[in-house]
Amino acid sequence: MGSLKERFTSKAEAAGVEIRNLLKEHGSKKIGEVTLSQAYQGMRGITGLVTETSLLDAQEGIRFRGYSIPELQEKLPKAPGGGEPLPEGLFFLMLLNELPADEDVNSITSIWQRRSHVPNHVFATIDALPISAHPMTMFVTGVMALQTESNFAKAYSAGINKKDYWDPIFDDTMDLIGRLPRIAAYIYRRKYRNNEHIQPDGLLDWAGNLAHMMGFQDESFKELMRLYMTIHADHEGGNVSAHTTHLVGSALSDPYLSYAAGMNGLAGPLHGLANQEVVKWIFEMQEQLGTDDPDKTQIADYVQKTLASGKVVPGYGHAVLRKTDPRFTAQMEFGKKHMPDDKLVNTVWKIYETVPPILQSLGKVKNPWPNVDAHSGALLVHYGLIEYEFYTVLFAVSRALGVLASLCWDRALGFPIERPKSVTTDSVKLWLEGKGEIWE
Ligand code: CMX
């Protein structure tokens, strides 16, 4: 069997040989062309990255190492008596490309438990921020303070051989993931619960413990956290948070620095902050309409007002997906099972029936369907987690699983520093006039 680390290194060595051979034989084959519009408009559709942990299909949605979300819900180990997958299992799958057995998942739970200690200076650093600071600001500040613990940074400074980089990167990954629930819960309790903190429960799984330390003891909330932490973990490599973590890591910045950089990207409203924006937008709608149970005509009017004021409808649209996000559907199923009569959850479902035709009618929105963020907040509100500014922190804790598993692969496969070519508009104009190549 071997330890997780031994199993990872033997998989990575084999994959490294396979990739070297593949590149020897096919390295000069073209996988696409780049248009001028793509260079100016967000590099949409350019295939230029390798990310092993998951792959996004525009029609079907995300697959983690080939498995869809419903398949993961069926195949990954669950907590005793639970029905949702344990995120430990997804991490194992992303890291090793293998479905875990129960004992694999239990072993990861205990590794993360053992490595969950957060030094006091991290809490002191968070405490130095005003209570009004956004939870994501506190979160990345906490992660940055934790960087003092990086094994990789110390090993690099001591002169580690480049073929061994992956080893302390792997250790940092396990340490950091183990510590994140503590940091997230600390921020929640500091900002919203009078600074009254709850110690971890050594018998709980990673997501269950996060719920517990935040103060949510309801078993179905713990189930929600297991599902939430699983479905938000990864969305292939090109999204802002994954790409940033990978890019910064390519400079051999350690996992703390790389992950914090990625999470600064997640904190943008067009990316992970959209989950808070959705609930804020619905609360504002309720206030303006004077009802917590708006009908579809009222919702349609409110959507038109949002668009007329030059804002996006949060939770809708995607740069790659072209159908309803299966992460939205998984949360909808959870809602139907656990809270079918919840008014806010029902409003989210009415919005789902109302928004797509309106966005479609604009003629420019490429994907009028809901993404993951359209649903997540309403489920949290149901359990009393109404402080929507905190939601992106939960997304960030989950996203660590995917981006850090990928970072382990990046270093194990020896990927070089990332450095695409950029051009200036003057150089483009000269090229269009036939006066030189665009890359000169
Ligand atoms: N509401 C209103 N307009 C929208 C829209 C929405 N939900 N989604 C896209 N559009 C608009 C764009 O703003 C753009 O308008 P302009 O040409 O006037 O600039 C036009 O439609 C074309 O955009 P697109 O090609 O369909 O979408 P992009 O790939 O550029 O952007 C995304 C994708 C997600 C940023 C965009 O759909 C959006 O802003 N959605 C709302 C925010 C959101 O939910 N983000 C979370 C995404 C998931 C995640 O990362 O967590």
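Note that ligands are numbered from 1 as they come in the structure, with each ligand's atoms numbered from 1 the same way. Because the structure is predicted, anything quoted here is derived from the model rather than measured.
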Quick one: look up the protein heavy atom nearest [atom] and list residue, atom name and how far away it is.
atom	result
atom 8 (N) of ligand 1	Val365 CG1, 3.8 Å
atom 6 (C) of ligand 1	Val313 N, 3.7 Å
atom 38 (C) of ligand 1	Tyr316 O, 3.9 Å
atom 27 (O) of ligand 1	His318 O, 4.6 Å

Per [atom], closest listed option by heavy atom ([options]):
atom	options	answer
atom 37 (O) of ligand 1	Gly315, Ser376, Gly317	Gly317
atom 35 (C) of ligand 1	Leu362, Leu270, Val303	Leu270
atom 18 (O) of ligand 1	Gln41, Lys364, Lys366	Lys364
atom 3 (N) of ligand 1	Val312, Leu266, Val320	Val312

Is it true that, when you exclude Glu287 itself, more than 12 heavy atoms of the residues, nucleotides or ligands shown sit nearer than 6.0 Å to its CD? no
Side chain to side chain contact (heavy atoms under 4.5 Å, CB included) with Leu86: of Ile108, Val105, Asn106, only one passes, and it is Val105
Sub-6.0 Å ring centroid separation between Phe216 and Tyr383: no
Would you confirm whether any non-hydrogen atom of the protein falls under 4.0 Å from [atom]?
atom	value
atom 22 (C) of ligand 1	yes
atom 32 (C) of ligand 1	no
atom 50 (O) of ligand 1	yes

Can you list the atoms of ligand 1 that are under 4.0 Å from a heavy atom of [X]?
X	answer
Phe395	51 (O)
Arg44	28 (P), 29 (O), 30 (O)
Leu307	2 (C)
Ala274	43 (C), 44 (O), 45 (N), 46 (C)
Ala319	29 (O), 33 (C)

Is the shortest distance from a heavy atom of [X] to ligand 1 less than 4.0 Å?
X	answer
His235	no
Thr306	no
Asp373	yes

Below 4.0 Å, non-hydrogen atoms only: which portion of Val278 touches ligand 1? Side chain, backbone, both or neither. neither
Determine, stepwise, if the pair His271 / Ser241 fulfils side-chain hydrogen bond (donor to acceptor under 3.5 Å, both in side chains). CA-CA 8 Å; His271 190 16; Ser241 52; 2.9 Å; yes
Could [X] and [Y] be called an ion pair, given the rule that one side-chain N must be under 4.0 Å from one carboxylate O?
X	Y	answer
Arg63	Asp57	no
Asp293	Lys350	yes
Glu353	Lys296	yes
Arg226	Glu219	yes
Arg115	Glu149	no

Heavy-atom side-chain contact between Thr425 and Tyr40 under 4.5 Å: yes
Any nitrogen or oxygen of Asn371, side chain or backbone, less than 3.5 Å from one on ligand 1? yes
Strictly distance-based, threshold 3.5 Å: is any side-chain N or O of Thr306 a donor or acceptor partner for the main-chain N or O of Tyr302? yes
Anything under 30° is parallel, anything over 60° is perpendicular, the rest tilted; go ahead and classify Tyr188 against Tyr192. tilted
When Phe328 is tested against each of Trp369, Phe334, Tyr352 for ring-ring contact (aromatic ring centres under 6.0 Å, His included), which residue passes? Tyr352
